[in-house]
J.: 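Questions regarding the structure given below will be posed in turn.
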There are 2 protein chains.
Amino acid sequence: MATVKMTTKREPSDEPEILELESFLPYRLYRLADAVSREFSRIYKDRHGLTRPEWRTLAGLGQNGTMTATALGEQSAMHKTKVSRAVAELERRRWLTRTPDEKDRRIEHLTLTGAGLAAYREMVPLAKAFEQELLARLSTDERTAITNGLGALKEALSKD
Amino acid sequence: MATVKMTTKREPSDEPEILELESFLPYRLYRLADAVSREFSRIYKDRHGLTRPEWRTLAGLGQNGTMTATALGEQSAMHKTKVSRAVAELERRRWLTRTPDEKDRRIEHLTLTGAGLAAYREMVPLAKAFEQELLARLSTDERTAITNGLGALKEALSKD
DNA sequence: GAAAACTGGTTTCATTTGTAACCATTGAAA
DNA sequence: TTTCAATGGTTACAAATGAAACCAGTTTTC
């Protein structure tokens, strides 16, 4: 009996599986978000020395007016401790004030002061400009692609 | 002379600018990446108690074989201190070994041990399954949208 | 109406991170 | 050669984070 071929061309399922990081969705997403966020953070970090939670708190209150801490956490997807600390710091700067709720004394309503509002108004155009500049480098198709893609992915993630 | 109307309908450029966080690209991107990453982290955190830098180091070495710490940092966009610490921990677990370079004694070549490789091989299918499951919830169009969108945005960001 | 469960928010502690200083080695300049 | 700048990598320190315990207050339940 003749010798048989002992090595065969590997089937795809045969070969040790390798994960290509560069094209792996969670990784691509994270890397990009990190890069964008880092760039963007200059706007609030360099100018006012804000942290991201502080910036988000400011942005939330600027956008919605008076809010409670829990609401802030929900809107901007921050852990309650982050919110708590951010609020404390903005209060220290006198950028916001707390008003205890009359009915439920656990709750505080947060509002930007004049100074807080001024800072917010100063930063909004910068934020918008940043986004515009980024989007301007994309074609129309690419812009809709990223917008829709992110939307769809968010949907996909939520129905779990 | 009759009284004149003192309040007029605000022009868009007139009204105090507001930033809608929900549709603001950096925010959308970050929130989504964070959610996906958090979900995904279960695969390496729950099972082996790895941190993200550790997982990325493992993934880098598993994918590319021997690498230097700097190369790892570049591939997976990690600061050198993160890499250093992740490598130290994986070495402690005996999942990788360091081999000093003969020519340049500053450099160490990192390679997974059998145990490291085993862990890698165990996690790769889980990672792929996670990604597949996520993508499976999208339509074909949505899949290409997110893929192309992220690619385009990455390009846009790099040419700065 | 007291005890138990829950909720809004803060604090404590351990872990993770980023920045900058640092060591050792190498390469370029003088 | 000696000196100086650059590079690979680690370490020390301060700041940011997350988990869990905590302290009011509030609602539910019995």
Side-chain angles (χ1 to χ4, degrees), chain A residues 30-31 33-35 37-42 44-46 48-58 60-61 66-93 96-111, chain B residues 30-31 33-35 37-39 41-42 44-46 48-57 60-61 66-93 96-111:
Chain A
Y30 191 90
R31 201 182 188 329
D34 191 58
S37 171
R38 216 178 274 284
E39 265 300 307
F40 178 63
S41 76
R42 292 227 276 257
Y44 52 81
K45 193 167 290 174
D46 287 1
H48 292 289
L50 294 178
T51 63
R52 185 166 44 220
E54 283 154 21
W55 150 250
R56 284 200 189 165
T57 300
L58 185 70
L61 293 179
T66 292
M67 291 178 86
T68 162
T70 319
L72 263 170
E74 278 161 14
Q75 201 215 8
S76 37
M78 293 190 292
H79 189 89
K80 62 206 285 215
T81 61
K82 271 192 192 169
V83 176
S84 172
R85 295 189 254 243
V87 167
E89 168 61 19
L90 294 189
E91 184 187 31
R92 203 194 55 71
R93 291 182 184 225
L96 63 75
T97 55
R98 312 177 191 237
T99 321
D101 183 288
E102 275 311 314
K103 313 240 163 167
D104 185 339
R105 310 224 311 286
R106 291 169 301 182
I107 298 176
E108 321 182 292
H109 299 280
L110 308 166
T111 323
Chain B
Y30 191 90
R31 201 178 186 335
D34 191 57
S37 171
R38 218 178 275 282
E39 265 299 307
S41 76
R42 292 227 278 254
Y44 52 81
K45 193 167 288 174
D46 287 1
H48 292 289
L50 294 177
T51 64
R52 183 165 48 221
E54 284 155 20
W55 150 250
R56 284 200 189 165
T57 300
L61 294 179
T66 292
M67 290 178 88
T68 160
T70 319
L72 262 171
E74 278 162 12
Q75 203 216 5
S76 38
M78 292 190 291
H79 189 86
K80 60 205 288 215
T81 60
K82 270 192 192 167
V83 176
S84 173
R85 296 189 253 241
V87 167
E89 168 61 19
L90 293 188
E91 184 186 30
R92 203 193 56 69
R93 289 182 186 227
L96 64 76
T97 55
R98 312 178 191 237
T99 321
D101 183 290
E102 275 311 314
K103 313 238 162 168
D104 185 338
R105 309 222 311 285
R106 291 169 303 183
I107 298 176
E108 320 183 291
H109 299 281
L110 309 167
T111 322

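Naming: A, B, ... by sequence-line order, numbering from 1 per chain.
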J.: Please determine which of S37(B), S41(B), S76(B) meets the side chain to side chain donor-acceptor pair (under 3.5 Å) test together with R52(B).
T.: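 With R52(B) as partner, side chain to side chain donor-acceptor pair (under 3.5 Å) holds for just one option, S37(B).
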J.: Which atom pair, heavy atoms only, marks the closest approach of E74(B) to R31(A)?
T.: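 The pair with the smallest heavy-atom distance is O-NH2, 3.6 Å.
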J.: If you look only at distance, which donor and acceptor atoms sit under 3.5 Å apart when one is on a side chain in residues 77-88 of chain B and the other is two or more places apart or in another chain?
T.:
unit_1	atom_1	unit_2	atom_2	d
T81(B)	OG1	R85(B)	NH2	3.4

J.: Give me the first and last nucleotide of DNA chain D, going 5' to 3', that has any atom under 4.0 Å from a heavy atom of chain A.
T.: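 The protein-touched segment is dA16(D) to dT26(D).
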J.: Summarise how protein sits on nucleotides 18-29 of chain C as a single string, 5' to 3': B when a protein heavy atom is under 4.0 Å from the base, S for sugar-phosphate-only contact, - for no contact.
T.: BBB---BBS---
J.: May I ask you to evaluate whether R98(A) reaches the phosphate of dT10(C), defined as a side-chain N or O under 4.0 Å from OP1 or OP2?
T.: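 Yes, because at least one side-chain N or O of R98(A) sits under 4.0 Å from OP1 or OP2 of dT10(C).
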J.: Over 60° means perpendicular and under 30° means parallel, so tell me whether W55(A) and F40(A) are parallel, tilted or perpendicular.
T.: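 Taking F40(A) first and then W55(A), their aromatic rings stand perpendicular (interplane angle over 60°).
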J.: Go through the steps to decide whether L58(A) and L96(A) satisfy the test side-chain contact (heavy atoms from CB on, under 4.5 Å), and finish with yes or no.
T.: CA-CA 9 Å; L58(A) 185 70; L96(A) 63 75; over 6 Å; no
J.: List the steps and the verdict of side-chain contact (heavy atoms from CB on, under 4.5 Å) for H48(B) and R93(B).
T.: CA-CA 11 Å; H48(B) 292 289; R93(B) 289 182 186 227; 4.2 Å; yes
J.: Does CZ belonging to R38(A) count more than 12 external heavy atoms closer than 6.0 Å?
T.: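 For R38(A), atom CZ is not crowded (no more than 12 foreign heavy atoms under 6.0 Å).
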J.: Which atom pair, heavy atoms only, marks the closest approach of K103(A) to D101(A)?
T.: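 Minimum heavy-atom contact is N-OD1, 2.6 Å.
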J.: Give the rounded distance in Å between these two atoms: CD1 of I107(A) and P of dT10(C).
T.: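 Result: 12 Å.
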